[in-house]
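First up is the structure itself, then whatever we jot down about it.
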There are 2 protein chains.
Amino acid sequence: MQSVYKLKLLGLKATMPRLKILELFESGEERHLAAEDVYRSLTITGVDIGLATVYRVLTQFEHAGILQRQNFDNGKAVYEINSGEHHDHILCVDCGAVEEFQDEEIERLQLAAVQRRSFRLSGHTLCLYAHCEKTDCPRRGDKAC
Amino acid sequence: MQSVYKLKLLGLKATMPRLKILELFESGEERHLAAEDVYRSLTITGVDIGLATVYRVLTQFEHAGILQRQNFDNGKAVYEINSGEHHDHILCVDCGAVEEFQDEEIERLQLAAVQRRSFRLSGHTLCLYAHCEKTDCPRRGDKAC
DNA sequence: CTTGTTGCAAATATTTTGCACCCAT
DNA sequence: ATGGGTGCAAAATATTTGCAACAAG
C-alpha cells in the first residue's frame, strides 16, 4: 500500500514530513533510527524539515502503532517499524550494530516470573550487550574485552 | 566495615559527600535512587552538597564497583548497591515500585541466544513492566489496564 | 474555510564540565 | 603542602512546547 493511504487510514493527514519519515523507515535501509538520525538523513537528501517535527511525528507514529520506541543504554531513543511480531535486541558494544531475535522460551519464563509475584505483565525490555564478529567491527576478535 | 574504610580500600578519599552518599545507599531505606533523589534526600537532612558532586560520586562509585547503574524507561538513571549477585527488575507502571528477581533459566537462555549468533555476551538489561497489587498502588485491581 | 500541522525559538530535563577554592592525607 | 575533591555556574545533550504562519481536506 502507498504511504499516503497508510496515513489516511490511521486518520493522519498525509503531510510531507510524515510521508518522508514513513518512507525512510519503510525503505528498510536502517531499521533502528533515533530522531537525530531521521532529521539528518532527510536533511541530507534535500528534505527541509524541523527537528521538532521529527520528534512530534515519531511520537504520533508510535501511538498509531506504526513505530516502536526502544531505549538502549546510550541515552537516546531509537524507533523501528512495528512489525506486530515482538522481538528483543542484541547490541554490539563495540560497533553499535543491532541484531533482533525472538525466543519463545524466554518470553514464557518472563510471564511466569511476573505471575508468580501476582503482577500482571504489561511489557518488557530485554537488550543483550555483546561483542559481535562483523568484519568491520573495530574490536573484532579482541578476546581481551 | 565502616564507610570510611570502605572508601579508603578503594583508593577514594573519605570526603563528606562520598560518606553521606554511601551511607544513604547502605541504609537500605530506598534501594533504587536517581541522582536527583540522592541530592534531595541529603539536602533535606541538612547535608549541604552540590548536585554536580552527586553525579560525580555516583559515577565514581559505579566504576569502583560499589554501585550499579540501571536505565529504566523513564529517562533518568537510577543506582543501586552492587551486591555482586546479578538480578533483573520488575517495575510497576502504575506506582513505580521496583521489585528484583533472579531467574537462572532466563540467564542461561540469554547466553545461548548470543552464542548461537557467535557473539560474546558482555551484559544485559531486562526490565519487566507490570501492574502490581500493593495496597497503596493507585490503580490496584484495575483490570482495564 | 477550518482545524490540524509545521518551523522556529525558547523552555525543560538530565547530565557533564570549567574553574577557583578547599580539605583529606 | 599538594593534589584530588567540591560547589557553582555554564555548557552539553535530548526532548518538549508556545506560537504564528501554513496547508490538507
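Below, read A as the first sequence line, B as the second, and so on, with proteins coming before strands; counting in each chain starts at 1.
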- Query: Checking side-chain hydrogen bond (donor to acceptor under 3.5 Å, both in side chains) for the pair B:His86/B:Gln68: CA distance, chi angles, key distance, verdict?
  - Reply: CA-CA 10 Å; B:His86 170 79; B:Gln68 258 186 292; 5.3 Å; no

- Message: Quick one, B:His32 with B:Glu100, criterion side-chain contact (heavy atoms from CB on, under 4.5 Å). Give me CA distance, side-chain angles, the key distance, then yes/no.
- Response: CA-CA 11 Å; B:His32 302 84; B:Glu100 301 172 354; 3.0 Å; yes

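Counting to the nearest Å, the P atom of D:dT6 and the CD1 atom of B:Ile21 are 8 Å from each other. Computed from coordinates, the A:Asp73 CG to D:dA14 P distance equals 14 Å when rounded to whole Å. As rounded to whole Å, 15 Å separates atom P of D:dT6 from atom OH of B:Tyr39. Look at CZ on A:Arg69: it is 9 Å from C1' on D:dT15, rounded to the nearest Å. As a whole-Å value, the separation of A:Asn74 CG from C:dT15 P is 14 Å. Atom CD of B:Glu62 is separated from atom C1' of C:dT15 by 13 Å (rounded to the nearest Å).
Nearest-nucleotide positions on DNA chain C place A:Met16 closer to the 5' end than the other of B:Tyr79 and A:Met16. Of the two residues near DNA chain D, A:Leu51 and B:Leu12, the one whose nearest nucleotide lies more 5' is B:Leu12. Where B:Gly75 and B:Lys8 each meet DNA chain C at their nearest nucleotide, the meeting point lying more 5' is that of B:Gly75.
Contact record, A:Ile90 with A:Ala130: CG2-CB, 4.2 Å, taken as the closest heavy-atom pair.
Each of D:dT16, C:dT16, D:dT15 was ranked by its minimum atom distance to the side chain of B:Thr59; first place goes to C:dT16. The side chain of B:Arg56 sits closest to C:dT17 out of C:dT6, C:dT17, C:dT15. Closest to the side chain of B:Lys13, out of D:dG5, D:dT6, D:dT16, is D:dG5. Comparing C:dT6, D:dT16, C:dT17 by their closest approach to the side chain of B:Ala52 singles out C:dT17. Each of C:dT14, C:dT6, D:dG5 was ranked by its minimum atom distance to the side chain of B:Arg18; first place goes to D:dG5.
Phosphate contact (OP1/OP2 of D:dT6, side-chain N/O of B:Thr15, threshold under 4.0 Å): present. Remark: B:Tyr55 is in phosphate contact with C:dT15, judged by side-chain N or O atoms under 4.0 Å from OP1 or OP2. Considering only side-chain N and O atoms, A:Thr53 lies under 4.0 angstrom from the phosphate OP1 or OP2 of C:dG7.
B:His87 and B:Gln102 share no donor-acceptor pair across their side chains, judged by distance under 3.5 Å alone.
Looking at A:Asp94, its side chain never comes within 3.5 Å of a backbone N or O of A:Cys137 through a donor-acceptor pair.
A:Ala35 comes within contact range of no nucleotide atom at all, as no heavy-atom separation falls under 4.0 Å. Within 4.0 Å of B:Ala34, counting heavy atoms only, lies no atom of the nucleic acid at all.
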